[in-house]
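Here is the structure we will look at, set down as structure tokens.
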Amino acid sequence: MMRWAVGLLLLANISLFVWKIGDRGQAAVERPPPPATDAGVPGLVLLREIGAETATAVAPAPSPGRTREEPAPSAGPAAAIEKAREVTASPPAAAPSEPEPEPAPRPVATPEPSVAEPPAVPEIAAAAPAKEPVPPAVEPPPVAQCVRIGPFSDEAPARAAAERLRAQRVFATLAPETVALESRYWVYLPPAGSREEAMGALDRLQEQGFDSFVVGSGEYRNAISLGVFSTPEAARRLQVRVREQGWNPRTAPRERSGTRYWLDLGERNSARFGAEIEEPLRRRFEEAETVRLACP
């Protein structure tokens, strides 16, 4: 009878022990899961999570991808009794602590290459433009001058002056020049159709007191000339008088041309023509002048 009481008491203790174990497993399930670790790194179990009174094995490390531990399935009363005996016989061994994983090296921030700013260029004050050197004034070479003597109104005195210069070894060239000496104004009647008609008109003009004659040749053949005047006023007065007698006179300018003569000395002879030659020549031929101009 005593054996059955002891057996019942022992069975009650075992039941109570099993109930306690299940309560602790439920508490372990409700405990917040450990932080997730990287793939391939086993989970860490703290020493304080292993109770001296509980002989539960350390939970295996979570497999990669799992974020919480699941409780191991209960093995029944016989397994629990056997586990209790092992715990009572020997104290629970501390779970070997696995070395903490080395922290991943932090990426070293690569400094961005700094763009070097160009060195500041000091402002240079605008300098005044340099003045170009003025080349020294170059005097033009002297221009050779030639002498011209004249004008002479007639050829004879011009040749006489040339002979006088030749006697002093200065040779000159005679250069005639045609010029208009003066302008005159001619009063006339236009040419008649024939010589007889022109002669009849001449007779009537002479009876009226006008001195006139018939032009015998040239562009104005059979015209009647009434006079040549040095001023236009005198020619106009005669024209009015003739018109009053029933005629139709006309006026035309006439220029009288003439020839003047010069003595040209070349460059070589002009160099020989000095004051000792010029003064006696000027006293001998007063109408002639000495002109100096650039040689052609």
Side-chain angles (χ1 to χ4, degrees), residues 145-166 171-266 269-270 273 278-296:
Q145 291 186 344
C146 293
V147 175
R148 197 176 199 197
I149 302 173
F152 297 91
S153 58
D154 198 359
E155 183 178 356
R159 291 190 176 277
E163 291 295 334
R164 191 179 185 91
L165 291 174
R166 183 178 298 180
F171 301 94
T173 302
L174 185 63
E177 180 183 22
T178 302
V179 294
L181 299 178
E182 59 181 346
S183 297
R184 309 190 64 157
Y185 303 92
W186 179 40
V187 181
Y188 66 99
L189 293 178
S194 62
R195 180 73 176 178
E196 289 77 11
E197 185 180 352
M199 293 302 294
L202 178 62
D203 292 340
R204 291 195 303 270
L205 286 169
Q206 288 179 354
E207 290 176 358
Q208 294 172 357
F210 296 106
D211 188 11
S212 56
F213 64 92
V214 177
V215 179
S217 62
E219 180 183 359
Y220 292 93
R221 183 180 180 182
N222 296 328
I224 298 176
S225 177
L226 298 174
V228 178
F229 302 89
S230 59
T231 62
E233 289 78 11
R236 190 176 300 111
R237 285 195 298 267
L238 177 60
Q239 189 176 6
V240 171
R241 285 173 51 203
V242 175
R243 185 175 293 114
E244 289 175 355
Q245 298 298 324
W247 304 93
N248 187 19
R250 297 179 182 180
T251 302
R254 302 294 296 272
E255 292 184 354
R256 187 171 67 90
S257 61
T259 303
R260 296 188 302 182
Y261 300 89
W262 291 86
L263 295 178
D264 289 336
L265 280 65
N269 291 282
S270 298
F273 186 75
E278 180 179 2
E279 292 299 331
L281 187 66
R282 181 178 297 177
R283 289 194 298 267
R284 173 67 179 81
F285 303 95
E286 296 180 357
E287 62 176 339
E289 297 180 358
T290 301
V291 179
R292 289 178 172 82
L293 63 159
C295 295

Do F273 and R292 come close enough that some side-chain heavy atom pair is under 4.5 Å? yes

Y188 and A252 have their tightest heavy-atom pair at CE2-CB, 3.9 Å

From CG (D264) to CG (L293), nearest 0.5 Å: 8.5 Å

Nearest-0.5 Å distance that lies between atom CZ in R237 and atom OG1 in T231: 6.0 Å

Hey, what do you get for OH (Y261) to CG (D154), rounding to the nearest 0.5 Å? 6.5 Å

Between F285 and I149, is there a side-chain heavy-atom distance shorter than 4.5 Å? no

Quick one: does F210's side chain get under 4.5 Å of R241's, heavy atoms only? yes

At what distance, to the nearest 0.5 angstrom, does CG of L238 lie from CD of E233? 13.5 Å

Take E155 and L174 through the side chain to side chain contact (heavy atoms under 4.5 Å, CB included) test and state the conclusion after the steps. CA-CA 9 Å; E155 183 178 356; L174 185 63; 4.1 Å; yes

Are side-chain heavy atoms of L189 and L205 found at a separation under 4.5 Å? yes

Of all heavy-atom pairs linking L265 and F171, the shortest is CG-O, 4.1 Å

Show the nearest heavy-atom pair for residues L165 and L263, with the distance to one decimal. CD1-CD1, 4.4 Å

Using a cut-off of 6.0 Å, state whether more than 12 heavy atoms not belonging to E279 lie near its atom CD. yes

Filter on side-chain hydrogen bond (donor to acceptor under 3.5 Å, both in side chains), then keep only pairs touching residues 194-220, sequence neighbours left out; what's left? Q208-W247

Take atom CZ of R250 as the centre, draw a 6.0 Å sphere, and report whether it contains more than 12 heavy atoms from other residues, nucleotides or ligands. no

Closer than 3.5 angstrom, by distance alone: can the side chain of E177 be matched with the main-chain N or O of R260 as a donor-acceptor pair? no

Which heavy-atom pair separates T251 from A235 by the least distance, and what is that distance? CG2-CB, 4.2 Å

Minimal non-hydrogen separation, A192 against A198, with atom names: CB-N, 3.7 Å

Test V187 against V242 for side chain to side chain contact (heavy atoms under 4.5 Å, CB included), laying out the working first. CA-CA 10 Å; V187 181; V242 175; 5.6 Å; no

Which atoms form the tightest heavy-atom contact between P249 and Q239, and what is the distance? O-NE2, 3.2 Å

Does atom CD (Q145) have a neighbourhood of more than 12 heavy atoms from anything else shown, all under 6.0 Å? yes

Please determine whether side chain to side chain contact (heavy atoms under 4.5 Å, CB included) holds for the pair V291 and W262, giving the CA-CA distance in whole Å, both sets of side-chain angles, and the decisive distance to 0.1 Å. CA-CA 10 Å; V291 179; W262 291 86; 4.3 Å; yes

